[in-house]
Every structure is written in structure tokens, then in C-alpha cells.
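Everything on this sheet refers to the single structure shown next.
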Amino acid sequence: MAKEVKLLGFWASAYVVRVQIALNFKGIEYEYVEEDLKKKSELLLQSNPVYRQVPVLVHGGKPIPESMVILEYIEEAWPEKPLLPQDPYQRAMAPTFKNKIYRSRSSPFQCLPSGVKYFTTKGEDQLKAKEELVENLRILEGALQGNKFFAGETAGMVDIVAGWLPFWIRRMEGLFGDKVVEEDNLPHLNAWFQDYLSLPFVREKLPPPDKVCAHLRGLLASLEPN
């Protein structure tokens, strides 16, 4: 008998969506439990007592917190449809690049903090944050090396880890009437944005754009001084 799989999440969390996309890619059936982050459930508090954050994957009663850890667990627990490339070199390098995206403070690749800065500032500060974000994105542009996806012709682990970028950047561009990634400045990344968001297993798990834009407007309003 297959072990029960649950995912505790919040619909607007890019970290939760990345886990949903990985589960969908693997064809894993699971129960999704939407959390109220202002009134967290006992299940979440028991499953992730240290950080008390989503996502948490519960497999056979055993909780696995943190999206990066969950992705690695999914790859090991359900190896039939691999997220990591079969080429030994690419397979070895995928975790290194994946960690570089988020975990290395000394790395020039700081898309998350520069993206937040672009979203939360105005005027000259926002223009400066945009320039910083574009420069950071050039590392991804170079990593594609003319490929459709990061491991070649098919999407995998690194695409899913970096996959919050095309969805959220496109939403921010629409909100601000601006363009961060386009054919002229980041042609390979611009093409990857389109290719990744067009994948059925990705598209099926993305939150509705209108709902996301309303959520972003609410976040911006909450940052306005009283």
C-alpha cells in the first residue's frame, strides 16, 4: 500500500508552488492542505516546530520541511521519473548551481533579494534595484548556454528551483508597467520564461495571475506609510 502524502502550503508561496510542480512532474498523488498563516494549524506547528513555515511535505506520517529539502526527498523517494539529469557531470553540477541560487551569501547571484528590493522600492531606488536584478539574472542567462532548459531539452530540478522567477517577474512587470526580462537584454532567459511557463505540469500548478496581482497590490499597500 502506498504511503499517504500530504503537502501543507499557502497558495501564494513560491516555495510551495515549486513543490507542487515537482510532485506534478513526478505524477505523485497527494492531499493539499491550505494553511492560514495568521492562524497556523496544529499539524503545521507539530510538523515544523522550529520555523513554523510552509511548505511541509508529510509522507507516511513523517514531516519534511523546507522546499529545497523536499525537492531532494522527492527525487530520492520517487526516482522513476528523475528531476536530475542522467549525464554524470550535469547531475553532479545541478545541486551546486541550485544552492548557488539561494544559499550562498557570497555569490553574485542574488536574484531573490534584488527582486524583493525591486518590488518594494520606488523611483531611483527601484531603477537601481532593477539594474541589480538584471545583472544577477545574467548568471542564469549564461547558465542556459543556448539550451531550452538548464539541463538541455527537458526541464528538471534547476528549472523548478529557479521557476519562481518567470512567474513572479512577469506579474511584477504587469503591476509596474515595466520590463525586466526581454528579448533585447536577456534573450535566452526570455525564451526560457516562455518555455517553462508553457509546460503543462508547471501551468497546472500556477496560481491564477489575477489573484496573484491582487495579492501583490495588497502587499504593496501594506508597505505604504500610514
Side-chain angles (χ1 to χ4, degrees), residues 2-84 94-95 97-104 110-113 115-116 119 150 155-172 196-197 199-209 211-216 218-219:
K3 294 179 181 178
E4 181 184 42
V5 181
K6 287 185 180 180
L7 177 63
L8 314 184
F10 174 62
W11 72 270
S13 167
Y15 304 109
V16 172
V17 172
R18 101 164 29 130
V19 174
Q20 290 178 300
I21 288 170
L23 290 168
N24 202 32
F25 175 86
K26 294 270 191 179
I28 301 164
E29 293 186 4
Y30 63 96
E31 177 188 351
Y32 177 73
V33 180
E34 177 72 8
E35 286 286 337
D36 180 348
L37 299 186
K38 294 180 180 178
K39 189 179 180 181
K40 297 172 183 177
S41 71
E42 282 300 315
L43 179 58
L44 175 59
L45 297 178
Q46 291 170 9
S47 301
N48 191 1
V50 177
Y51 296 109
R52 302 183 170 195
Q53 298 293 332
V54 294
V56 176
L57 185 75
V58 183
H59 184 207
K62 296 179 180 179
I64 304 100
E66 299 186 36
S67 66
M68 304 287 268
V69 177
I70 293 170
L71 289 183
E72 292 168 2
Y73 179 85
I74 288 171
E75 182 71 349
E76 293 295 325
W78 293 279
E80 295 81 10
K81 190 177 180 183
L83 283 165
L84 289 171
F97 186 75
K98 171 169 62 73
N99 290 339
K100 198 175 183 181
I101 293 176
Y102 288 108
R103 294 186 177 176
S104 175
Q110 290 291 328
C111 289
L112 184 56
V116 170
F119 176 67
F150 287 100
M157 181 75 82
V158 174
D159 299 277
I160 290 175
V161 170
W164 67 274
L165 287 163
F167 185 75
W168 286 95
I169 286 179
R170 289 302 188 225
R171 300 291 79 73
M172 288 192 291
Y196 182 73
L197 293 178
L199 293 168
F201 73 87
V202 173
R203 195 171 61 243
E204 290 166 1
K205 294 302 177 182
L206 295 175
K211 188 177 180 182
V212 171
C213 286
H215 179 69
L216 291 174
L219 288 177

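In what follows, residues are counted from 1 in the order of the sequence shown.
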Checklist entry - Can you name the closest pair of heavy atoms from V161 and R18 and give their distance? => result O-NH2, 3.1 Å
Next on the checklist: Nearest 0.5 Å, please: how far is CG in L206 from NZ in K211?
Outcome noted: 13.0 Å
Checklist entry - Does a side-chain N-to-carboxylate-O contact under 4.0 Å join K26 and E80? => result no
Checklist entry - E29 versus V5: any side-chain heavy-atom pair under 4.5 Å? => result no
Item to check | Point-to-point distance, once rounded to the nearest 0.5 Å, from CG of L43 to CG of N48 | outcome: 11.0 Å
Checklist entry - About how many Å separate NZ of K39 and CG of L44, when rounded to the nearest 0.5 Å? => result 14.0 Å
Next on the checklist: Please verify the inter-ring angle class for H215 with W11; under 30° counts as parallel, over 60° as perpendicular, anything in between as tilted.
Outcome noted: perpendicular
Checklist entry - Would you say the side chain of V17 lies within less than 4.5 Å of the side chain of Q20, judging by non-hydrogen atoms? => result yes
Checklist entry - How many angstroms lie between CD in E72 and CE in M68, if you round to the nearest 0.5 Å? => result 7.0 Å
Checklist entry - E75 side chain to L83 main-chain N or O, any donor-acceptor pair under 3.5 Å? => result yes
Checklist entry - For I74 and L57, what are the C-alpha separation, side-chain angles and deciding distance, and is it a side chain to side chain contact (heavy atoms under 4.5 Å, CB included)? => result CA-CA 9 Å; I74 288 171; L57 185 75; 4.2 Å; yes
Checklist entry - Does R171 have any side-chain hydrogen bond (donor to acceptor under 3.5 Å, both in side chains) partners at least two apart in sequence or in another chain, and if so, which? => result none
Checklist outcome for this item: L71 and V19 have their tightest heavy-atom pair at CD2-CA, 4.4 Å
Next on the checklist: Checking L216 against F119 for the side chain to side chain contact (heavy atoms under 4.5 Å, CB included) test, could you report, in this order, the C-alpha distance in whole Å, the side-chain angles of both residues, the deciding distance, and whether it holds?
Outcome noted: CA-CA 9 Å; L216 291 174; F119 176 67; 3.8 Å; yes
Checklist outcome for this item: Residues P166 and R170: closest non-hydrogen pair is O-CG, 3.0 Å
Checklist entry - Does the side chain of V54 come within less than 4.5 Å of L37's, by heavy atoms? => result yes
Next on the checklist: When you measure from the side chain of K40 to the backbone of R52, do you find a donor-acceptor pair of N or O atoms at a distance under 3.5 Å?
Outcome noted: yes
Checklist entry - Less than 4.5 Å apart, any side-chain heavy atom of S47 and any of L8? => result yes
Next on the checklist: Around atom NZ of K62, are there more than 12 heavy atoms from other residues, nucleotides or ligands closer than 6.0 Å?
Outcome noted: no
Checklist entry - Atom CZ of F10 and atom CD of Q53: how far apart are they, to the nearest 0.5 Å? => result 11.0 Å
Checklist entry - Is the side chain of K81 donor-acceptor paired with the backbone N or O of F25 at a distance under 3.5 Å, no angle test? => result yes
Checklist entry - Are the side chains of Y196 and L165 in touch, meaning some heavy atoms are under 4.5 Å apart? => result no
Next on the checklist: In the structure I gave you, are the side-chain heavy atoms of I70 and Y15 within less than 4.5 Å of one another anywhere?
Outcome noted: no
Checklist entry - Can you find a pair of side-chain heavy atoms, one from K6 and one from Y30, that are under 4.5 Å apart? => result no
Checklist entry - Is there side-chain contact between Y32 and K205, with heavy atoms separated by less than 4.5 Å? => result no
Checklist outcome for this item: Heavy-atom nearest pair, W168 first then A14, reads NE1-CB, 3.6 Å
Next on the checklist: Could you report the tightest heavy-atom contact between P63 and V56, atom names first, then the distance?
Outcome noted: CB-CG1, 4.0 Å
